[in-house]
Structures are given as structure tokens and as C-alpha cells.
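Whatever order the structure lists ligands and atoms in, that order sets their numbers, starting from 1.
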Amino acid sequence: MITGKNMRAAFYTRQGPATEVIRVGDQPKPAPGPGEVLVRLHTSGVNPSDWKTRRGGGNRQLFAPLIIPHSDGAGIVEAVGEGVPAVRIGERVWTWNAQWQRAFGTAAEYIALPSAQAVPLPAHLGFAEGACLGIPAFTAMQAVRLAQCAAGMRVLIPGGAGSVGHYAIQLAKLRGADVIATVSSARKAEHAANAGADHVINYREDDVAECVQTITNGAGVDVVLEVDLTNNAKAYPRILRPGARVVVYGTSGPEALLPSVALMQKSIGLQFFMIYDIPERDRQECLAELGRMLDENRLRHTIALSLPLEKTAQAHELLERGEVIGNVVLAVD
Ligand SMILES: NC(=O)c1ccc[n+]([C@@H]2O[C@H](COP(=O)([O-])OP(=O)(O)OC[C@H]3O[C@@H](n4cnc5c(N)ncnc54)[C@H](OP(=O)(O)O)[C@@H]3O)[C@@H](O)[C@H]2O)c1
């Protein structure tokens, strides 16, 4: 539903390079439908899937005539639709799945979305931090849950300085695991260590499997939380202990070649997931565990850069080039 008034938004009507297709201008301000809240957004978080969807290709087609990108964001509930308690008005919230199978995401002054997708944001967290939760922190939470990370387990987190990886290190440590992270530079090594990684390996300079063997006294790790199955799977036979589990949230190519005989002989479990589409029960358990961590202020958030809404295209380009350590957030207000 729209109200007849306008709002500022970043949007595109065709897929392609960021600076060619993203425009910033007026769009109709939405109104909350039944079961929805209207959020006045302060921030919008940019994630790799936002630029991949905008660029198109593969099975990512433009599914609506006009897309306002981004699933993550934070702001204040300004109005509620039928069936939503008025007490929510004025609540500080963060969003999840705001542009998953929905045309209008958070790169705008306002969003109307189902009430459950606007989660209370603790008072000690800023709106920029709130815009890092819907995809990066949520994905890390689900990866750690699916891997059943627990005290004493050895967990390998490739890409430990990535947005998801950085939260994954923290969440695995909070569950008492022993964490080995891989990175590609000294700056990223410091970032992963600051998140709590017990061991950090530079995967461009060192043989990761050899390092894992040394660190684990030849035993291998119990779990891998994988950012790039395509490139990293070949080392699994030397990295994983028998019965280990690999939870995959990222892959750099459409396909990955698996050392299948070795994985079978070691009875390795392989699990993929996409955070947009996890079962409702998992969603609730993630929200509960993540909510506790946020309430207790136990997570570090890394805002690499905050840009104005007008610079949405540049924010996409920065992420696409992989130049930032941490999250890129748009300041909408
Ligand atoms: N399944 C899901 O639901 C889900 C959710 C969120 C994200 N993702 C996907 O997960 C990936 C990471 O997302 P993100 O937001 O964390 O991105 P990010 O902030 O760009 O982090 C990715 C990190 O991985 C590192 N990396 C790349 N290739 C690597 C390799 N072969 N081994 C070890 N590290 C490697 C990168 O650094 P260097 O290049 O310097 O090594 C970077 O630090 C993206 O492909 C994204 O689309 C999937």
C-alpha cells in the first residue's frame, strides 16, 4: 500500500553495473498493511547478495519492475497496520529479509514489512550496528548452530575477517570452541584475532591444511564454517577429522569439485543453507540466541564505512571489489 506521499530511495529498474542502474530519487512512501509495521529507516546495510542480485546473471532475475535494494537496516517504528499492537510505535528496530522476495528493501527513508521482521534493537546499539545483523550476524548464528559448535570443539573459519566470518568467530568462541581462522593479509589477521580467533592462518602464504595439522596435533578440525567451497574443498581431506561437519554459507563459483572418496571414507557431513530461507524454528532459535548476545552486549560490530543514501552505487562497488573490512552502511536520515 502507498500513502500518496513521497520518500527518498535508491532503486533500479534493470540489472547491471551499479553506477549505470542505481538511481536515487523520490518513490511513493508505503503504508503498513495488516500485520505490518512502517519503519522510518536511519540506516541500510549492504551485503554481497545485494550487489549480486542487482548485477543479475545465473538464476537472479529482476522479479519486479522496480527494486529498492537491501535486506538489512535499522530505524524506528512510525506506524502499525491492523493487528499489530500500537505499543510498537516508537520502538527502535533492526530488519531481516526486508528485500527477500520483496521489491522494496531498506535503501529508502521508509519500509513497510511484516511486524516479525522488525526486531527490537537494544538501546546500547546504534542504528549502524543494527544494519549489520539481518544477514551477517544472522548467517553466522545459523552456521554456528547447524555446526553444533560447543565447548572444546575445533572450528575452522575460512575468511575470518569477512562480515559473516567475524561474527562466526565471536559466536563460536562464546560457545567455548577453539577457533582457527584463515585470512589473506596482516590487517585481516589482526581483525580475526580481535574477534577472538585462537589461531590465524594466512591462506595466501601458508598451507592451511599443514597449519591445521600442526595446531590440532594431527587430529584435524571438528567443523568448518565455509565461505568458499569452490576454492577450499580440495584441502578438506587433510583438514577434517573423521565424522567432521562442514557448514557451507558461501561459494565463489556456481560449482565446486569435491574430494568425494576421502569425504565418504571419513563420513563427513556437508550442509548448505541460505539465511533468507531457513526453517521457522531455526529462525526463532537464532533470534533468541542472537538476541541474548545483543542484550548482553557481547558482540563486536565493525562498521567499515558509512555513506549517504546518494552513494548507494559506490557502496555496491566497494563491496563488489572486496576492499573493505567490516560492514558498509548507508546513512538514510
Ligand atoms: N548462504 C547465505 O545465507 C549467505 C549469507 C551471507 C553471505 N553469504 C555469502 O558468503 C560470502 C561472504 O559474505 P560476507 O558478507 O562475509 O562477505 P565479505 O565481508 O566480503 O567477507 C568474505 C571474506 O572471505 C574472504 N575470502 C574470500 N575467498 C576466500 C577463500 N577462498 N578462503 C578464505 N577466505 C576467503 C575474503 O577476504 P580475502 O578475499 O581477502 O581472502 C573476505 O574477508 C559471500 O559470497 C556471500 O554472498 C551467504
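Using a distance-only test at 3.5 Å, with no hydrogens or angles considered, no donor-acceptor pair links the side chain of Thr43 to the main chain of Gly73. When atom types are taken as modelled, the side chain of Lys29 and the backbone of Tyr110 share no donor-acceptor pair closer than 3.5 angstrom.
Heavy atoms from both the backbone and the side chain of Val164 come within less than 4.0 Å of ligand 1. At a heavy-atom cutoff of 4.0 Å, ligand 1 is contacted by both the backbone and the side chain of Ile275. When non-hydrogen atoms are compared, ligand 1 lies under 4.0 Å from neither the backbone nor the side chain of Ile325. Residue-level proximity to ligand 1 for Val324 is absent, since no heavy atom of it falls below 4.0 angstrom. For Pro48, every heavy-atom contact with ligand 1 shorter than 4.0 Å involves the side chain, none the backbone. Contact annotation: for Tyr203 versus ligand 1, heavy atoms closer than 4.0 Å belong to the side chain alone.
Inspection of the Tyr167 and Thr139 side chains reveals no N or O donor paired with an N or O acceptor under 3.5 Å. Judged purely by distance below 3.5 Å, without hydrogens or angles, the side chains of His70 and Asp50 never pair a donor atom with an acceptor atom. Side-chain N/O atoms of Asn232 and Glu226 include a donor and acceptor closer than 3.5 Å. The closest side-chain donor-acceptor pair between Ser71 and Asn97, if any, does not fall under 3.5 angstrom. Of the N and O atoms on the side chains of Thr53 and Arg60, at least one donor lies less than 3.5 Å from an acceptor on the other residue.
Between Phe273 and Tyr249, the ring planes lie tilted relative to each other; the angle falls in the 30° to 60° range.
Listed by number with element, the atoms of ligand 1 under 4.0 angstrom from any heavy atom of Thr182 are 33 (C).
From the protein, the heavy atom lying nearest to atom 19 (O) of ligand 1 is Ser163 N, 2.9 Å. At the top of the distance list for atom 36 (C) of ligand 1, counting protein heavy atoms only, stands Lys188 NZ, 4.1 Å. What sits closest to atom 32 (N) of ligand 1 on the protein, heavy atoms only, is Asn232 ND2, 3.2 Å.
Close N/O approach between Ser184 and ligand 1 is found [any backbone or side-chain N/O within under 3.5 Å]. Remark: ligand 1 and Val183 share no N or O pair separated by less than 3.5 Å (distance only, no angle test). By the 3.5 Å distance cut-off applied to N or O atoms, Asn47 is not counted among the residues near ligand 1. Polar contact check, Lys52 against ligand 1: a nitrogen or oxygen pair lies under 3.5 Å apart. The shortest N or O to N or O distance between Asp228 and ligand 1 is below 3.5 Å. Between Tyr249 and ligand 1, a contact under 3.5 Å exists for at least one N or O pair. Polar contact with ligand 1: present for Gly159 (N/O pair, distance under 3.5 Å). By the 3.5 Å distance cut-off applied to N or O atoms, Tyr276 is not counted among the residues near ligand 1.
For atom 23 (C) of ligand 1, the nearest non-hydrogen atom from the set Ala235, Gly326, Gly162 belongs to Gly162. Looking at Val227, Asn202, Thr139, Leu229 and measuring to atom 12 (C) of ligand 1, the nearest heavy atom belongs to Val227.
Ligand 1 has no atom lying under 4.0 Å from any heavy atom of Gln142. Within the structure, ligand 1 lacks His166 among the residues with a heavy atom less than 4.0 angstrom away.
Less than 4.0 angstrom separates atom 16 (O) of ligand 1 from at least one non-hydrogen atom of the protein.
The cationic atom of Arg102 (NZ for Lys, CZ for Arg) does not lie both less than 6.0 Å from the six-membered ring centre of Phe63 and within 45° of the ring axis. Cation-pi geometry between Arg54 and Tyr12 is not met: the NZ or CZ atom fails to fall both under 6.0 Å from the ring centre and inside 45° of the normal.
Val164 and Val329 sit in two unconnected hydrophobic clusters of ILVMFWY residues. Membership requires side-chain heavy atoms under 4.5 Å apart, directly or through other members.
The two residues Leu319 and Pro48 come nearest to each other via the heavy atoms CD2-N, 3.7 Å.
Taking 4.5 Å as the limit, every side-chain heavy atom of Asp222 sits out of range of all side-chain heavy atoms of Arg245.
Partner Pro158 forms a side-chain contact (heavy atoms from CB on, under 4.5 Å) with one of Ile180, Val224, Ile239, Val183 and no other, that one being Val224.
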